[in-house]
Undergrad: 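Here it is, the structure, as structure tokens.
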Amino acid sequence: MIKQLAYYPGCSSLGTSREYDMSTRAVCELLGLDLKEIPDWSCCGSSPAHSFDHSLSAALSARNLALVETMGLDMVATPCPSCLSNLKTSSHRMQRETFRDKVNLLLDKPYMGSVKSMSVLQALIEQVGTDTIAAMVAQPLTGLKLAPFYGCIMNRPSEIMEFDDPENPTSMDRILTALGAEVVPFPLKVECCGASYGVPFKDIVAKLSGKLLSCALDAGAEAVVVACPMCQMNLDLRQKQLAKPAGVNFEIPVVYFTQLMGFAMGLPESRLGFDKLCVSPALLLSRTLAAAS
Amino acid sequence: MSVLTGKELRIVGFLCNWCSYGGADTAGVGRFVQPTDLRIIRVPCSGRIDPLFIVKALLNGADGVLVSGCHPRDCHYSQGNFYARRRLEVLKHFLPVLGIDPARFEYTWVSASEAQRWQKVVSSFTERIHKLGPASRLENTALPDGLEKRFAAIASGELPSDGKAATRLEELKDRIHEFLPDLDIVIGWQRGFDALHNTPLFMRSAEDLEKLVWGPLNIHNTATYLPSLRGKKVGVVVKGCDSRSVVELLQEKLVDRENIVVFGMPCSGIVDLSKIDRALRERGTGIGRVQAAECGEKGVTIKAGGQEYRFAMEEVAADKCFHCEYPNAVLADHLIGNASPSSSNGKISRQLAAFDAMSLQERMAYWRSQMDRCIRCHACRNACPLCVCKDHCIAQSRDPHWISQEDTITEKLMFQVVHAVHTAGRCTECGECERACPMDIPILAMKRQMNRAIRELFEYKAGTDPEAVPPLLAFQAEEKNIHEGVL
Amino acid sequence: MTGAKFLSKEKLLDWLAELGQTRRVFMPVEEGGKIVFRPCTNGDTPALVRDASASPKGVVFPSSAELFRYTKTKARGGKSSMELKPGTEFEPALIFGTRPCGARGFTIFDRVYTGGKFNDPYYRAARENTLIVTLACEGPENTCFCNWVGSGPDDPTGSDVLATPVEGGFVLESVSERGEALLESPLLQPAEARTAEADSVKSRARAELPPARDISAAPQSIRALFDNQKFWDEVSSKCLSCGACTYLCPTCYCFTITDEDHGDSGKRLRSWDNCMSYQFSLEASGHNPRPTKAHRLRNRVGHKFSYYPQLHEGLLACCGCGRCIRSCPVSMDIREIVLDAIDRVQAKNCEVVHE
Amino acid sequence: MRIGVFVCHCGSNIEGTVDTAAVARAALGFPEVALATDAMYTCSEPGQDAIVQAIREKGLSGIVVASCSPRMHENTFRRAVERAGLNRYMFEMANIREHVSWIGKDREANTNKATELVRMAVEKLRRNTPLFSNKFDVTKRVLVIGGGVAGIQAALDCAEGGKEVVLVERESSIGGKMAKLDKTFPTVDCSSCILGPKMVDVAQHPNIKLLACTELKSVGGYVGNFQVELRKKATYVDWTKCTGCGQCMEKCPSKKSEDRFNERIGVTTAINIPFPQAIPKKAVIDPASCRHFLKGKCGVCAKVCPTGAIDYEMKEEVLTEQVGAIIAATGYDVFDISKIGEYGAGRYPDVITSLQYERLLSASGPTGGHIKRPSDGAEPKTIVFVQCVGSRDKSLGRPYCSGFCCMYTAKQAILTRDHIPDSQVFVFYMDIRAPGKLYDEFTRRAMEEYGARYIRGRVAMVYPQGSKYIVRGADTLLGTNVEIEADLVVLAAGAEAAAGAPALAEKLRISYDPYGFFVESHPKLRPVETNTAGVYLAGSCQGPKDIPSSVAQGSAAAAKVLALFSKDKLESDPQISRVDIKRCVGCGKCILTCPYGAIKKIDFRGEPKAEVVATVCQGCGICTSTCPQGAAQLAHFTDDQILAEVNALCRF
């Protein structure tokens, strides 16, 4: 049965995380999730908006949510945890009547509060389920040791995000296991990668991200699997910068979980965008293909 | 001697001995200055507070009533405030139908140590009452013009339907015939003194069975007789609404399941004789001159004074039949067919909609004008299938002495409040109270309001589940829909 | 004796207003679909198309009347004294628009309260100060049976004036001396030829009534069935034991006395009571000689059709207005019960004869 | 009725803002008031004498005192009117101090309000009737529920006082949490050395009937006369034959039973005696791991048992006991640390609770008293203790302080350094709460003498790195983050109400707080009583407690029981509900809502009626507000009495 969800790609999808967006659309299509892109969606405001003004930040998200209501849908999925965080926080705050009125004043069309926001990860877990995912696997990722990395805001704060365990989430672990891969115990799976310090304090980012990659390597991972454009960029793009302080030359692929899903389900590479990654997973993936055949 | 005119208003407090009375004491010991209006009545537990005390106070001169007890879970008697919370919350929802501003009544929780909180509660409640000003008194209200018109303007709705009503009677008779030998009595309906008036029938023999009739003139709730026939083997023919009374009686163990046999008849609505009377009067005749009447699928055809009048069912059906959710018996040993229910869509009745459209002042004035007619015959009570106290009703008791023999409107209204409060969470809205009223006083409105509160608060409908406990005889430690403690 | 007078419809309210100058005028008005007797006020029009839902008895015999109030006063030294004040004095009244049955009802009261060895001052004061202008009936309702009890649609018993509706107005005939005085109003015209029209209205109404059933055997029959619990159980099975019948009945005269005490002051009330109620015969011990509704219904029927006639020269304590049938929530029919009782006793007697 | 009204000045407490003479004058005008006067101190001896004298001389039949709160002096005045020969319930109080004179300075308004309160009291009093207590016998046996140190103390004290005690314990041995401890603070003496003899005393005391592996099934009756049903679980070993020799344990082939006594550090045999000092020292089979039950064959224990005590067919039994009082001493449970995801308990084997650590320290524990990491058995060198885990944490629904964690953490720090002198000990804390005798000195010793490094701050996260664990936290005093590489992380798990405490409370008809701890009658003045007469509390079931407090409460509860049992007859409170059988229609609504089960259905001449069991009724009045006919009336708070008060206010 096909399920319809509104889809909010978020700005990263237009640039740094096009591969995430591509693979998400491809995988969802295959699994019967009909993603309807919100027409005329706008930026969620990201961190700058809410650091400046809560009602402005909420209005940016609420505009998109109100658009979902016009679409006649009651669920929206977004690949980006940062966008999700804004959508959810806005909805949460707008449960308060005074705040809701204030925000709706800023909008052309008021948001009635009927939309449930979720990550693509949550949509895949709750609307599709690991059983269906496992059943769709064409080339299992047998023998692939993966460290799933959720990032710091996918599940937190738990009373707003309301998905999975905030300290020890396992949803991505379960998907990867369903794909046939081996998930290594990765204690830092909800640590901060330092994304927002990416420009001003590169040394902090180097420390935080470096520790993450070291931990993944220590745990025996051959690749880090992510669900966040920010994390992906930090961990993948900066591996050269991280190498020096950590004293390790990492060279560990950092892939989106949707890419791996697409790969395991036999989708063509052109729809998954592995070529957009800095550290190429090609070697790993060809090994899996070889093992499978 | 009274409250200081111009300075104070009459505020009555009911406080439990263990927590809130102690809290008020602690506030005194701490010299927490409070307004002087409040007069405190000490009771052992908030569970002791009969909501009727509060209505009594509000109808008789109080401008505000404040109840305070132990915090939930802190009750000295472990459960008293849980019961109190349900009953008082329901009362709060009920008061507006009388035209009493619910803000004049508040309940809250204050522990023996919360002196400051008590001060805040008293101060803010007193302030609230002063903002509202002196309460309007029932005797001093005047009815605005055109209220009746506003009532009439509110549309009714859809009726249930049963295409095969005509053929059902024989099937019913056969079925009763089969079981009659094992039963002492079977209750049904027969034709009464004229063509429009049916009357309850008590069948004891096959001969009686021949008198049995079926149709929209079977307006009486047969379940009403069941509690008084306890101990006998009784068969009872029921419409959907009657069956809910049977279920409620079973819920309350007022009848024994093994002693009753329920014959469920699908119902496509009953008539409201007062509506027919009104319609006939508009046409220059009256219900007293009816010579013949016939009820068909399309409605009622009446011959009166040599003329024939036709009324569509929509014109003359009882209000309760519109949006009827239960045209079929919810419990039956023998179900004689099925009617299709009308879409209820959670719509409220015309009557309630009319009340909602009135201001509080108007509601009070409306009751004043309506209750004036009351002759205190208590037909409302005696027709009520759930008024099982009947002979021992507190309306006629000197000890306890809730209601006096003075025929003031306040006393008459007080009795109606007693009825509504005592049937709260139990009433199935069969409408017998209003139908039985020889003066056509719209007393069902109070029960409808009460039921709306019960539905909203407890998601409960009386008389639908024989195993359910009526909500005011139960509680939950955490009440999903009660959010008290605004003070 | 002044002859009959004609009152035109247009002048009805003026006439009532004129009467209202010297006494309180009560008339039937419509309220919430029912007709009740209310003091006549400006702008109200009487509801005369049919008999009132309530009976006119409340004007003379209020549902709750203050007999007296008392106040206790304490003097210094602990001695106290009690002061009694009589209840409000009955101001002269006039009932307009009751039907003959309602007026006849008062005569049944009279025999009890003023006719025999007892003299009820409160009732007497009210009755003597109340005039009754009765409206003759143009036709019967299904519940009417005044002809069974010796009355009729133009029965003047108990009235002071009998008004018969004719085209464009009423023909007024005085029944009593006090009634005669009422006809002296300049608003009235001599009835002249309209009297004949009135007579034909009356005879038409009489003719329209279904023939009366013979219930002369009722007193003996009901007495014979006194101990027949089965009979009373059966006829009362659908009775709800409420008081609608008694409180609406123009002839039910029972009352109860209560003191509403407020400490040092209070009042004594006389209120309608109702033999269908459990409390009516409840004794202080907790014993109740009429514990079931069957006992109580037996009393109501028996009182009207057997016990009262025995005390009052065979006159029934029923005026045949049919209110108890019309307003009964379960459509009980007192006629049916009386006939049933007569039939049963007759059938039994026949059996005896046959044997 | 002839009523006397006494309006008290309370020195200037009342008179300062209330014109008491005016109140008295006004009262004289109230119904049936024969005498009204003001007095300086009504509660003083001359004040009370004046009341007594007035009753005798003026023939008064009811008294109203307008003074302080009835919660203060109602009993004082009731005794006074009783001395004068009146029934104690022919008395009412108007609270014109706490509710009037102390809360406002407007003399006019206060005087008016005081007068109204007096009117209310007079109107109520006019409807009062004399009430009389009933006397009934007392069964002088006590049930103690829970064999931890509090229950043991209570049982021993009652037994020593010459009363029979039934002590029930859910586990197979008494001893409770204390039996699991290695040492106790602040003396660092051996826990089993001080508890052991007491446990033996319990076993040997002629007045104590010890029922282990037993739980409370139901409670009926009332103070002085409880009927208690006890459920004795099937142990599959006939304890009358078992000598506790332990041969069965040695031979048992199934070694996968969870070791509850050792806090699930390791496993144990399916047939088991939990620890060497167990009382009673009897074996129990765990059918969840016993091969006989799982596979249908084995029978090794039955073969080796020298007394033939094994009985695989044993069934659960229900016992009935008659007792006059009940002491609940059901203790607490340890907070489930796996609920805190960031600490990884449950995922990381070397993140353990303090009580598990206690077992590692104990010579009778699974490691024989050597501190070994559960993961690899290695001796840890760096040990991090984290305090307030599941305490003082609103986000976990545990806002309260568990009270004893600071102390036992200090003790464990000290013991760690004793056991492994070259170890490093870190303690993360929020505040040190050590208010007991020698307590603060003890924590200082841990820091100063034993070199435990106390870091003020919360731990954010624990995660493994190699064979170690990184403990990341904040040092709020230095304002920095800290990361410690630890070998073992010990979480000072807080106390929570024992599993099933709310259900037990409902059986005992006592209140419990939102966390499941039982609620005492008064937090200060009645700390071991409950609101149900005859039921007392001891130990941590009322709230987290350390050993001295638990023992003190055990003794206190015992003292209450002994005081109760010192009377041969008890008097019931006559302020209870009564059912007017003439009004009752037997609808049973009161039975449904009575929280005490104090109303029963009776048959009266073939009709159902309700009847109040006078000794069970506690006088809450729920039945009165439930009964539509007004048949159930709470004496002294009847509908008419409350209506009189309402009318006194609203009619004037």
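Naming: A, B, ... by sequence-line order, numbering from 1 per chain.
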Undergrad: Are Trp272(C) and Arg376(B) side-chain neighbours, meaning at least one heavy-atom pair lies under 4.5 Å?
TA: no
Undergrad: Roughly how far, to the nearest 0.5 Å, is the CZ atom of Arg381(B) from the SG atom of Cys242(C)?
TA: 9.0 Å
Undergrad: Counting C-beta onward and ignoring hydrogens, is there a side-chain heavy-atom pair between Phe202(B) and Glu234(C) closer than 4.5 Å?
TA: no
Undergrad: What part of Ser274(B) gets within 4.5 angstrom of chain C, counting heavy atoms only: side chain, backbone, both, or neither?
TA: neither
Undergrad: Check whether Lys34(C) gets within reach of chain B through its side chain, its backbone, both or neither, counting any heavy atom under 4.5 Å.
TA: side chain
Undergrad: Give, as side chain, backbone, both or neither, the part of Glu30(C) having an atom under 4.5 angstrom from any heavy atom of chain B.
TA: side chain
Undergrad: Does some side-chain heavy atom of Glu31(C) sit less than 4.5 Å from a side-chain heavy atom of Gln370(B)?
TA: no
Undergrad: Of the backbone (N, CA, C, O) and the side chain (C-beta and beyond), which part of Asp372(B) lies under 4.5 Å from a heavy atom of chain C, both, or neither?
TA: both
Undergrad: Can you tell me how far apart CZ (Phe193(B)) and CZ (Arg335(C)) are? Round to the nearest 0.5 Å.
TA: 7.0 Å
Undergrad: Quick one: OG on Ser397(B) to CG on Leu282(C), what's the gap to the nearest 0.5 Å?
TA: 10.5 Å
Undergrad: Is Pro62(C) close to chain B through its backbone or its side chain, or both, or neither, when contacts mean heavy atoms under 4.5 Å?
TA: neither
Undergrad: Can a donor-acceptor pair be found, under 3.5 Å and without considering hydrogens, that links the side chain of Glu260(C) to the backbone of Gln405(B)?
TA: yes
Undergrad: Sort His220(B) into side chain, backbone, both or neither according to what part of it lies under 4.5 angstrom from a heavy atom of chain C.
TA: side chain
Undergrad: Contact between Arg281(B) and Arg50(C) at the side-chain level, heavy atoms closer than 4.5 Å - yes or no?
TA: yes
Undergrad: With a 4.5 angstrom heavy-atom cut-off, which part of Arg323(C) approaches chain B: side chain, backbone, both or neither?
TA: neither
Undergrad: Name the region of Arg38(C), side chain, backbone, both or neither, that has any atom closer than 4.5 Å to a heavy atom of chain B.
TA: side chain
Undergrad: Could you tell me which portion of Leu273(B) (side chain, backbone, both or neither) has an atom closer than 4.5 angstrom to a non-hydrogen atom of chain C?
TA: neither
Undergrad: CZ/Arg191(B) to OG/Ser331(C) distance, rounded to the nearest 0.5 angstrom?
TA: 11.5 Å
Undergrad: If we ignore hydrogens and angles and just use 3.5 Å, is the side chain of Asn382(B) paired with the main-chain N or O of Leu240(C) as donor and acceptor?
TA: yes
Undergrad: If only atom types and distance count, is the side chain of Tyr225(B) paired as donor or acceptor with the main-chain N or O of Lys238(C) below 3.5 Å?
TA: yes
Undergrad: Chain B heavy atoms under 4.5 Å from Ser277(C): which part of the residue, side chain, backbone, both or neither?
TA: side chain
Undergrad: Identify which part of Arg289(B) has an atom lying under 4.5 Å from any heavy atom of chain C, answering side chain, backbone, both or neither.
TA: both
Undergrad: Can a donor-acceptor pair be found, under 3.5 Å and without considering hydrogens, that links the side chain of Arg373(B) to the backbone of Val36(C)?
TA: no
Undergrad: For Asp391(B) and Gln279(C), indicate whether the former's side chain and the latter's backbone hold a donor-acceptor pair under 3.5 Å.
TA: no
Undergrad: Under a 4.5 Å cut-off applied to non-hydrogen side-chain atoms, are Ser327(C) and Met439(B) in contact?
TA: no
Undergrad: Against chain B, label Ile325(C) side chain, backbone, both or neither, depending on which of its atoms sit under 4.5 Å from a heavy atom there.
TA: both
Undergrad: Below 4.5 Å from any heavy atom of chain C, which atoms of Thr408(B) appear? Answer side chain, backbone, both or neither.
TA: neither
